[in-house]
Each structure stands twice: as structure tokens, then as C-alpha cells.
Engineer: 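Got a structure for you, written out below as C-alpha cells; questions coming shortly.
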Number of protein chains: 2
Amino acid sequence: MKEQKGQEMKRLSLKDVARMAGVAPSTVSFVLNGKARQMRISEELAEKVMAVVKKTGYQPHSVAVNLRTGQSKTLGLMVESISGSFFAALARVIESEADRYGYHIVYCSTENNATKGGELIKMLSRQQVDGYLITPAAGMEKDIQQLIAHKRPLVLMDSYFPDVAAPHVLIDNFGGVKQGMEHLIDRGSKQIGFVTVDMNLVQMQERMKGYKETLRSHNIPVKNKLILELPYDGDKEASVRKIRQFIQTNKGLDALFFATNYLGILGLECIAGLGLKIPDDLAMVCFDDHDIFRLYPPGITVVQQPIDDIAKTAMQLLMNQLDKSQRALRKTKLELPGKFIKRGSS
Amino acid sequence: MKEQKGQEMKRLSLKDVARMAGVAPSTVSFVLNGKARQMRISEELAEKVMAVVKKTGYQPHSVAVNLRTGQSKTLGLMVESISGSFFAALARVIESEADRYGYHIVYCSTENNATKGGELIKMLSRQQVDGYLITPAAGMEKDIQQLIAHKRPLVLMDSYFPDVAAPHVLIDNFGGVKQGMEHLIDRGSKQIGFVTVDMNLVQMQERMKGYKETLRSHNIPVKNKLILELPYDGDKEASVRKIRQFIQTNKGLDALFFATNYLGILGLECIAGLGLKIPDDLAMVCFDDHDIFRLYPPGITVVQQPIDDIAKTAMQLLMNQLDKSQRALRKTKLELPGKFIKRGSS
DNA sequence: AGGCTGCGATAAATCGATTTAGCTAAAGGT
DNA sequence: ACCTTTAGCTAAATCGATTTATCGCAGCCT
């Protein structure tokens with residue numbers, strides 16, 4: 001009974017509201033933005049304006065607001081691949097957090113490709129996003145550095161570059177692996193293998209360090225034979241073959257630590273294929289949880305990432321930067337503890 | 001060597017480019033938008049402009065363009081929950097498709113809440129998205145209807161409302177279930193149970209219909225005892241209990257068809273908990289694939305959704321609507337065949 | 001009475017593009 | 001020589017808001 005008069009009914013503009021209320025556009029703007037008092041608009045007039053606004057259901061044209069204020073109220077979220085469970089879960093929390101702060105999300109996936117990542121950053125900046133939430137791919141340091149140089153509000157998640165002073169929040173990779181490793185050692189595993197991926201990112205290096213140092217601190221020698229570093233090229237078949245071979249050639253192997261859930265899942269396939277029993281023939285711990293690990297009998301022990309905390313903290317950090325009053329706190333580095341969850345596999 | 005002169009270096013505007021090239025802003029605009037010929041700008045001048053554009057790396061301010069042209073080059077993608085595997089996979093394909101067409105995605109999740117969905121639609125329209133890609137939650141018919149009434153380009157995915165003439169693309173739910181059921185019947189299952197969820201959406205009704213009609217067409221009586229309809233309230237514990245009870249009370253049960261992958265996963269938990277062997281004690285088929293089903297021994301037979309096709313087709317449909325030249329083809333209904341994948345569970 | 005202050009509201013500039021209408025000079029027609 | 005085209009380019013309006021600078025008027029002071 002109110003919307004469709006003619007047929008194409010142009011959207012109501014602030015000017016229209018002003019005309020209907022019999023005031024100037026600026027007055028409407030002040031009232032709507034809570035600057036009525038400051039601009040000393042009388043109560044009376046303010047109410048008249050609000051009445052028209054309510055009656056018409058006027059909503060400001062956000063693009064126009066954006067152009068004028070330079071604030072898009074939009075954040076760019078860049079993940080490796082939205083279909084990965086970790087990233088999807090992250091995205092979910094980020095979205096709802098952003099909503100709480102009155103921001104929208106434009107998301108995009110790098111597919112672990114630095115070139116694509118770089119282009120996406122350009123795309124996002126062309127889109128005038130107010131801030132960036134990025135899980136960086138290897139090789140994106142230049143792009144990140146540039147964002148910093150341009151003083152763009154930015155938070156990295158899941159990884160970071162040691163040479164680039166960007167705020168970042170991620171799990172304590174070293175500590176997480178250490179926790180899992182000590183558990184394996186405590187339960188009596190003697191020959192613990194480590195399956196990781198050859199990716200030039202700090203989180204993988206930290207996990208590796210966690211593996212080696214925990215062994216050393218228990219006076220267990222680190223043998224290179226027990227470390228399998230797979231190429232990150234997405235060739236599942238080849239990886240499965242290599243893991244199988246790795247298990248077969250290491251005779252005394254009694255436990256495996258997988259550095260990512262993706263690897264852990266491949267590992268499960270191999271172990272099942274070889275007819276080995278978990279945990280009797282081979283114990284297993286995996287970094288980063290996954291639905292499968294809860295269900296796959298007998299349940300896989302994992303170090304779970306604190307996804308909620310990561311997302312919320314990252315958001316907080318970003319909001320701090322967006323809050324012009326308190327710029328300056330760059331270089332924030334946050335490592336959140338992972339959660340060790342013991343299941344049947346160890 | 002070129003970017004940072006002063007310190008706050010305002011972004012280059014079209015006007016700046018014009019000044020540098022010694023021409024009028026309008027000229028630059030024409031050249032950049034391929035209207036040079038039409039506006040009879042000389043080759044010579046056009047080249048001069050392009051030279052400046054290249055040298056400076058000028059990029060138009062998309063918000064300004066958006067305001068002037070009314071095109072945001074942004075699409076709204078609304079899914080039930082981005083962390084669901086089906087939706088995440090869908091989002092992934094949609095993103096890359098959108099990119100191909102030069103569009104960006106603003107995404108948001110309904111969390112299966114019609115109220116939230118309605119608000120999100122408002123949010124998206126305030127954001128001036130050019131089109132909507134929606135997997136609707138129950139109860140959103142009014143909102144969808146309104147979008148249609150406002151002639152908004154729109155495509156529904158995964159579900160639709162029989163009473164609302166909106167273009168939609170989804171799997172052939174009936175046919176998919178039928179395929180799975182016939183497989184179970186062929187392999188000799190006599191008492192096939194059906195576990196579904198009480199959601200008032202057409203796809204669930206179609207799946208139920210698929211179950212019942214396939215039985216009838218094979219002259220097998222449909223027994224209500226063999227149908228379990230769980231409430232959709234996210235209470236996992238309760239659902240697990242009910243499924244377990246369902247299995248225990250139906251003595252002759254030799255196969256289960258799960259109407260969603262979420263239910264299937266719960267089912268796995270129950271079956272494992274009861275110590276039953278798949279497929280010997282109980283065969284199983286699930287609608288909608290999931291990583292777990294590939295891996296969980298002995299592998300779960302599924303009807304896989306054609307996610308790629310759904311996404312690509314939906315995008316195509318949306319682009320058709322955005323292409324003003326050929327409006328009018330509303331009411332497109334597309335049901336794509338699912339892919340039956342036999343694994344060890346049946 | 002003239003100048004100053006404070007109040008209440010507005011006119012006009014601005015953000016950065018697109019697009020319509022128009023302007024100037026040269027060419028063509030009679 | 002005068003009028004009409006046409007080519008080549010630009011001025012100015014516009015999209016829909018925000019924000020700065022004013023403006024008129026009433027009251028107060030001297």
C-alpha cells in the first residue's frame with residue numbers, strides 16, 4: 001500500500017525527504033547522523049524530519065555515502081580457498097564479527113597463488129575496502145609490504161612474513177606441535193615420523209621446529225629419514241603414493257605426526273590402504289582438526305586451531321586500526337594457543 | 001620510484017589525468033570507456049591520453065563509477081552457512097565464475113534463519129548489489145517475492161518456493177533419491193529406512209517423494225515406521241539418540257537412506273556406536289557427498305550434487321538477467337542430474 | 001543606534017566519475 | 001559571400017550523500 005505507485009519508482013533520496021519535510025537536505029543529513037544537537041537543530045524540526053524518514057522508510061544510498069566519506073564499510077577477506085574447512089570456518093566467524101561492527105565482507109580466494117593474490121588485492125583496493133583480512137600465500141610479501149606502505153588497515157591470519165611488519169594473529173604453531181609430540185612421547189612412541197608440506201611459509205617452519213626441538217629436548221635424535229616433506233602441488237595421487245612408501249620404508253615407525261589436516265586425511269587413506277591398525281600398528285596425531293577426525297574410527301588425536309579466537313582477535317586488531325583515534329599500533333603479533341584433543345588414535 | 005612523493009599522496013583522479021594530458025575530463029572518460037570513436041576523439045589525442053593513463057597507472061574510482069552508473073559490479077551471495085561443505089564448494093565456484101564476468105561477491109550466511117535472511121537481503125540491497133544468488137531458508141518467500149516485485153536480478157539455488165516464480169537451479173532431488181533407492185533395491189535390501197529432516201523446503205519434500213515413489217513402483221509397501229523425520233534444530237545429541245533408537249526399534253532394517261550429508265554423518269556415529277558393520281549389518285546411501293564418505297571405511301555410497309554445474313548455471317541465469325538486452329526470461333527452472341557414486345557401504 | 005554574540009537553519013562546495021548539450025573552426029553547398 | 005554540416009573537443013549537469021561556510025534574526029551591551 002505504499003511502495004508501488006507508478007512502475008519504476010525511483011529510489012527515495014535525501015533530497016526527497018528534505019522536500020517532504022519542508023527543510024534543507026543538510027538538515028536531514030544532520031538529523032540522520034546524530035549531529036542535530038551539534039548543529040543546533042531544534043528538537044521540533046528534528047522530530048519532523050524523523051517522522052518523514054520513518055513514514056517513508058528512507059535508507060541512505062550507501063554508495064553515495066561511501067563516495068563522500070571515503071568509508072565503504074566493507075572489508076576484504078582473502079583466504080587460501082573458501083572450500084577448505086579451516087578457511088570456511090574462519091570466514092563464518094569473521095562474517096558475523098564484521099556484522100557486529102557494521103561492516104560487510106567481500107571475500108576472495110588466492111588458491112594459494114601469489115599472482116592471483118596480488119591481483120585480488122588490487123581488485124579489493126579498487127573496490128575501496130576499508131581494511132584487509134588476509135591469509136597470505138607464499139610469495140605475497142611484496143603485495144603485503146605495499147599495503148603497509150600505503151598505510152592500509154590490515155591483519156594477516158594463519159601466517160605472516162618475518163620481514164614484513166604487519167599485524168598478524170595465528171595459532172602458536174610451535175607450541176601446538178610440541179604439545180602433540182610430548183603426548184606421543186609420553187605414551188611411549190619411539191619412532192615418530194613427521195609428514196609436512198614444502199611450503200615456504202612461516203607456520204610450516206614453526207611446526208617443523210616444534211617437531212625437531214621437542215625430540216631434542218627429550219634427547220631423542222632427529223632422523224631425516226623420519227621426515228617427509230611433500231611438494232605443495234595438489235597432486236593427491238602422488239602424495240598418497242609417497243606417504244605409503246614412507247610408511248613402508250621406515251620399519252620401526254610407530255607414530256606419525258601430520259602437519260596439516262589435508263595431509264592427515266591423505267595419511268588416513270594410506271594407513272587404511274596398508275591395512276594398518278590405528279593406534280596399535282601406528283599412532284597418529286594431526287595438526288588442525290577436521291570433521292573426519294572426530295568420526296573416523298577410532299577418532300584422530302589433533303591439535304585444534306582456535307578459529308573463533310583467531311577470527312575475533314583479527315577483527316579486533318583491524319577495528320583498532322580503523323579507529324583513527326588510536327592508529328599507530330602496528331606490529332602486533334599474536335600467537336594463540338591451540339587446543340590439544342586426545343582421541344583414539346594415540 | 002614513482003608512487004611516494006609527499007606522504008599522503010591522494011589517489012589519482014580522472015581530473016588529474018585530464019590535466020596531465022592537457023585535455024578535458026570528459027575526453028579521458030570517453031577514451032577509457034571505448035567511446036572515443038563514437039565521440040569522434042582523434043586517434044592522436046586518444047593515444048596521448050592512454051599514454052598518461054599507462055604511465056600513471058590510473059585506475060578509476062569504482063565507487064564514483066558505481067554512483068554515476070548505478071552498477072556496482074557486485075553480486076550478493078547468500079548461503080545457509082559458509083562453513084557447510086556444500087555451500088563452501090558452491091561459493092568457491094561462484095566466486096571464480098563471477099570473476100570471469102567481472103563481478104565481485106559480497107557473501108553472507110542466513111544460518112537457516114528467515115529473519116536474518118530478510119535483514120541480509122535488505123543489507124545487500126542497501127549495498128546496491130546488482131544481483132542476488134540465494135540458497136533460501138524456509139520462510140523467506142516473502143523476501144524473495146519482494147525482490148521479484150522490485151524486478152531485481154535473482155537466482156535461487158538448492159531450493160525454491162513453488163508459489164514464487166523465481167528462476168532457480170538445483171539438483172534433481174527426486175531423481176537422485178530414486179537412483180539411490182533403486183540401487184539399494186537391486187542389491188537386495190528389503191527394509192529400507194529413510195532418515196530426513198523436518199524442514200519446510202521443497203527439496204526435502206522431493207527427496208521424500210523419491211523415497212516413497214520408488215518403493216511403490218517396485219511394489220514395496222511404504223511403512224511410516226521406517227521413516228524418521230528429525231527436527232531441524234541443530235541439537236546434535238538429540239538427533240544421534242533418535243537415530244540410534246530408530247535403528248534399534250526397527251528390527252528387520254537392512255539399509256538406510258539419509259536425506260542429507262549432515263544426517264549421514266550423524267548416522268555413521270550411531271552405527272559405529274551400535275557396533276554394526278557396514279554394509280553387512282546395514283547398508284547405507286546418503287544424499288549429498290562429503291569428504292568423510294570417501295574415506296570412512298568402507299566408503300559411503302552417495303548421490304553427489306553437481307555443484308559445478310549448479311554454480312555455473314546459476315551464474316549464467318543471473319548474467320542473462322543483468323544483460324538488459326534480453327530481460328524477460330524469468331521463471332527458468334532447472335533441475336540438474338545428481339551423480340550416483342557407489343562405494344563400499346552398499 | 002550601532003556593533004557583537006549566539007541561535008537555527010540553509011546554500012553551496014565536494015567526493016570522482018559519466019553523459020548530455022554545446023561550442024568552435026573548418027569544410028561543403030549554392 | 002552566406003548558410004549549413006560536420007568533425008573534434010569541452011563545459012556543465014548529474015548521481016546522492018556530507019560538510020563547511022554563511023545568512024538572517026533576536027537579544028545584549030555600551
Side-chain angles (χ1 to χ4, degrees), chain A residues 8-50 52-53 56-74 125-128 130 324, chain B residues 8-50 52-53 56-74 125-128 130 324:
Chain A
E8 270 301 339
M9 260 293 274
K10 282 252 297 234
R11 188 188 219 283
L12 209 58
S13 82
L14 178 141
K15 218 184 268 182
D16 298 325
V17 174
R19 189 163 3 86
M20 296 171 78
V23 301
S26 37
T27 307
V28 179
S29 175
F30 293 136
V31 172
L32 255 56
N33 294 308
K35 299 200 172 123
R37 165 135 296 148
Q38 182 186 335
M39 286 291 125
R40 10 178 218 209
I41 305 291
S42 65
E43 281 291 326
E44 176 185 35
L45 240 202
E47 273 165 27
K48 186 152 70 177
V49 170
M50 284 314 291
V52 176
V53 168
T56 57
Y58 164 75
Q59 296 245 314
H61 192 298
S62 62
V63 174
V65 175
N66 180 352
L67 176 60
R68 183 59 233 240
T69 63
Q71 297 233 305
S72 62
K73 289 290 174 185
T74 297
S125 78
R126 206 168 32 227
Q127 281 277 291
Q128 313 294 122
D130 292 341
K324 279 172 193 157
Chain B
E8 270 301 341
M9 258 293 275
K10 282 253 295 235
R11 187 190 223 281
L12 209 57
S13 81
L14 178 140
K15 218 184 266 181
D16 298 325
V17 173
R19 190 161 5 85
M20 297 171 79
V23 301
S26 38
T27 307
V28 178
S29 174
F30 293 138
V31 172
L32 254 56
N33 293 310
K35 299 200 172 125
R37 166 136 295 148
Q38 185 187 331
M39 286 293 124
R40 9 180 217 211
I41 306 292
S42 65
E43 283 288 327
E44 177 186 35
L45 239 203
E47 273 166 26
K48 187 151 70 175
V49 169
M50 284 313 291
V52 176
V53 168
T56 58
Y58 165 74
Q59 295 244 314
H61 192 299
S62 61
V63 174
V65 174
N66 180 346
L67 176 59
R68 184 59 232 241
T69 63
Q71 297 235 302
S72 63
K73 288 289 173 186
T74 297
S125 78
R126 206 169 31 227
Q127 281 278 291
Q128 315 291 125
D130 292 340
K324 280 172 192 157

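Just so it is clear: chains get the letters A, B, ... in the order the sequence lines come, proteins before strands, and each one is counted from 1. Please read all numbers here as calculations on a predicted model, not as lab measurements.
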Engineer: With side-chain hydrogen bond (donor to acceptor under 3.5 Å, both in side chains) as the rule and sequence neighbours excluded, what pairs involving residues 13-28 of chain B come up?
Structural biologist: B:Ser13-B:Asp16, B:Asp16-B:Arg19
Engineer: Under 3.5 Å, which donor-acceptor pairs link side chains of residues 29-36 of chain B to any protein atom two or more places apart or in another chain?
Structural biologist:
from, atom 1, to, atom 2, distance (Å)
B:Ser29, OG, B:Asn33, ND2, 3.3
B:Asn33, ND2, B:Ser29, O, 2.9

Engineer: Work out which heavy atom in B:Ala24 is nearest to a heavy atom in B:Ala18; give both atom names and the distance.
Structural biologist: C-CB, 3.8 Å
Engineer: Drop me the distance from A:Met50's CE to A:Tyr58's OH, to the nearest 0.5 angstrom.
Structural biologist: 11.5 Å
Engineer: Looking at DNA chain D, which of residues 32-47 of chain B put a heavy atom within less than 4.0 Å of it?
Structural biologist: B:Met39, B:Arg40, B:Ile41, B:Ser42, B:Leu45
Engineer: For A:Lys73, does the NZ atom sit with more than 12 other heavy atoms under 6.0 Å from it, leaving out its own atoms?
Structural biologist: yes
Engineer: What distance do A:Thr56 atom OG1 and A:Leu12 atom CG have between them, rounded to the nearest 0.5 Å?
Structural biologist: 5.0 Å
Engineer: If you compare all heavy atoms of A:Asp130 against all heavy atoms of A:Gly70, which two are closest, and at what distance to 0.1 Å?
Structural biologist: OD1-O, 3.9 Å
Engineer: When the axes are fitted on five pairs at both termini, how much does the helix from C:dA1-D:dT30 to C:dT30-D:dA1 curve, in 10° steps?
Structural biologist: 80°
Engineer: Step through the shown structure and confirm whether more than 12 heavy atoms of other residues, nucleotides or ligands are within 6.0 Å of CE on A:Met20.
Structural biologist: no
Engineer: Short of 4.0 Å, heavy atom to strand atom, which residues of residues 19-31 of chain A count as contacting DNA chain D?
Structural biologist: A:Ser26, A:Ser29, A:Phe30
Engineer: Reading DNA chain D 5' to 3', which nucleotide is the first, and which the last, to come under 4.0 Å of any heavy atom in chain A?
Structural biologist: D:dG16 to D:dT20
Engineer: Would you name the heavy atoms of A:Leu67 and B:Ala64 that are closest together and state the gap between them?
Structural biologist: CD1-CB, 4.0 Å
Engineer: Side chain to side chain contact (heavy atoms under 4.5 Å, CB included) for B:Glu43 and B:Arg37? Distances and angles first, verdict last.
Structural biologist: CA-CA 8 Å; B:Glu43 283 288 327; B:Arg37 166 136 295 148; 3.8 Å; yes
Engineer: With a 4.5 Å heavy-atom cut-off, do A:Gln127 and B:Thr74 have their side chains touching?
Structural biologist: yes
Engineer: B:Lys48 and B:Ala21: which non-hydrogen atoms are nearest, and at how many Å?
Structural biologist: CE-O, 3.7 Å
